[in-house]
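As the structure is a computational prediction, the values presented were derived from the model and not from experiment. Heavy atoms only: backbone and side chains are in, while hydrogens, waters and symmetry mates are out.
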Amino acid sequence: MCSRTNPRSSRTGRPRSPEADTAILEATRAALVELGWSKLTMGDVAGRAGVAKTTLYRRWANKNELVVDAVAVLFDELELPDLGSLQADIEHVVLQFAALLERPETKTALMAVVAESTRDAPLRERIRASIVDRQKRLVLTGRRRAQERGELPADRDPDAVDATDDLIFDVIAGAVVHRALVSAEPVDEAWVARLSALLVGGLGAVAALG
């Protein structure tokens, strides 16, 4: 289970208010759903959240940073309970992920920042740091538990381990996002079971490669 973190900022000044941060991020997601990326402004978010626009700029330099953090806290809701097997753990988190993507605020915000990041390298890096790298904790936890159960062998090559973790994350995130948001097909229990079985089998093959 993750601990909730407030949006990060290098700015100094008066202490941050968790309540104000929550209101701002909720207002950002609501504005994205209603207005879309191009019409979203810091002023609109400030008005919806009931704070001064200067309050936003003390926390976020621009709307790119704000929207990424508004998306990131949603993904921080994902959890990986220990269900007794690697496949069961994977199925659970994939179904959570799919349910999260069904929410209009998640779908709209994620698609917006991904599209914008194709022409904005700093935004791409913020997405990696705030969403991708933070959610790789689920992969690390799942693989460690599988090793403790004897489902996967112990780590031997740290570089290979890092590459495998990246691959697991890419396969799960890519498959679910593509099916849910691009193909618009259901991410149901049957599909998730097939994906999980494929992934578990693939992990065994990767482990055999050393």
Side-chain angles (χ1 to χ4, degrees), residues 1-81 92-138 141 169 172-173 176-178 180-182 184 187:
M1 181 179 298
C2 73
S3 60
R4 299 290 189 268
T5 57
N6 288 330
R8 291 164 292 178
S9 172
S10 60
R11 292 167 175 74
T12 59
R14 70 184 65 181
R16 302 253 316 238
S17 164
E19 292 78 13
D21 283 349
T22 297
I24 291 166
L25 297 179
E26 288 178 350
T28 301
R29 293 190 295 269
L32 267 173
V33 172
E34 183 178 330
L35 303 175
W37 177 276
S38 62
K39 295 182 180 179
L40 176 70
T41 66
M42 298 288 268
D44 182 79
V45 172
R48 290 169 184 259
V51 301
K53 190 159 64 171
T54 53
T55 300
L56 267 67
Y57 281 108
R58 281 198 298 267
R59 291 158 163 79
W60 297 276
N62 51 52
K63 81 173 183 180
N64 290 1
E65 292 186 1
L66 175 59
V67 172
V68 171
D69 284 350
V71 178
V73 296
L74 296 177
F75 284 97
D76 284 344
E77 296 175 11
L78 296 175
E79 300 174 352
L80 188 68
H92 180 87
V93 77
V94 169
L95 286 169
Q96 277 188 85
F97 184 27
L100 184 61
L101 291 179
E102 288 180 357
R103 291 161 56 176
E105 65 271 28
T106 311
K107 182 186 304 184
T108 304
L110 181 62
M111 295 292 274
V113 295
V114 169
E116 190 67 18
S117 71
T118 61
R119 52 184 176 270
D120 186 332
L123 177 59
R124 209 159 42 238
E125 287 306 310
R126 191 172 183 90
I127 291 171
R128 174 179 292 278
S130 298
I131 300 176
V132 176
D133 290 346
R134 269 157 61 174
Q135 296 315 313
K136 283 183 181 175
R137 65 190 168 79
L138 301 170
T141 299
F169 184 89
I172 293 175
V176 177
V177 169
H178 186 276
L181 302 186
V182 179
V187 182

Once rounded to the nearest 0.5 Å, what's the spacing between atom [atom1] of [X] and atom [atom2] of [Y]?
| X | Y | atom1 | atom2 | value |
| --- | --- | --- | --- | --- |
| T55 | M42 | OG1 | CE | 10.5 Å |
| Q96 | L138 | CD | CG | 8.0 Å |
| L66 | L32 | CG | CG | 8.5 Å |
| L110 | I131 | CG | CD1 | 6.5 Å |
| D21 | W60 | CG | CH2 | 4.5 Å |
| L40 | L35 | CG | CG | 6.5 Å |

Which heavy-atom pair separates [X] from [Y] by the least distance, and what is that distance?
| X | Y | value |
| --- | --- | --- |
| V113 | I127 | O-CD1, 3.7 Å |
| P81 | H92 | CD-CD2, 3.3 Å |
| A173 | F97 | CA-CE2, 3.8 Å |
| A72 | S130 | CB-O, 3.5 Å |
| V67 | A109 | CG1-O, 4.5 Å |
| D76 | Q135 | OD1-NE2, 3.0 Å |

Is there a donor-acceptor contact under 3.5 Å from the side chain of [X] to the main chain of [Y]?
| X | Y | value |
| --- | --- | --- |
| S117 | D120 | no |
| E116 | L123 | no |
| E65 | A61 | yes |
| T106 | L100 | yes |
| T22 | P18 | yes |

Any salt bridge (charged side-chain N to carboxylate O under 4.0 Å, His left out) pairs touching residues 29-40, not counting sequence neighbours? E34-R48
F75 vs V71, test: side chain to side chain contact (heavy atoms under 4.5 Å, CB included). Steps then yes/no. CA-CA 7 Å; F75 284 97; V71 178; 3.3 Å; yes
Greater than 12 external heavy atoms within 6.0 Å of R128's CZ: no
For E79 and R137, what are the C-alpha separation, side-chain angles and deciding distance, and is it a salt bridge (Lys or Arg N to Asp or Glu O under 4.0 Å)? CA-CA 10 Å; E79 300 174 352; R137 65 190 168 79; over 6 Å; no
Residues passing the side chain to side chain contact (heavy atoms under 4.5 Å, CB included) test with V33, sequence neighbours excluded, are P104, E105, T108
Can you tell me which residue among K63, R134, R126 is in a salt bridge (Lys or Arg N to Asp or Glu O under 4.0 Å) with D69? R126
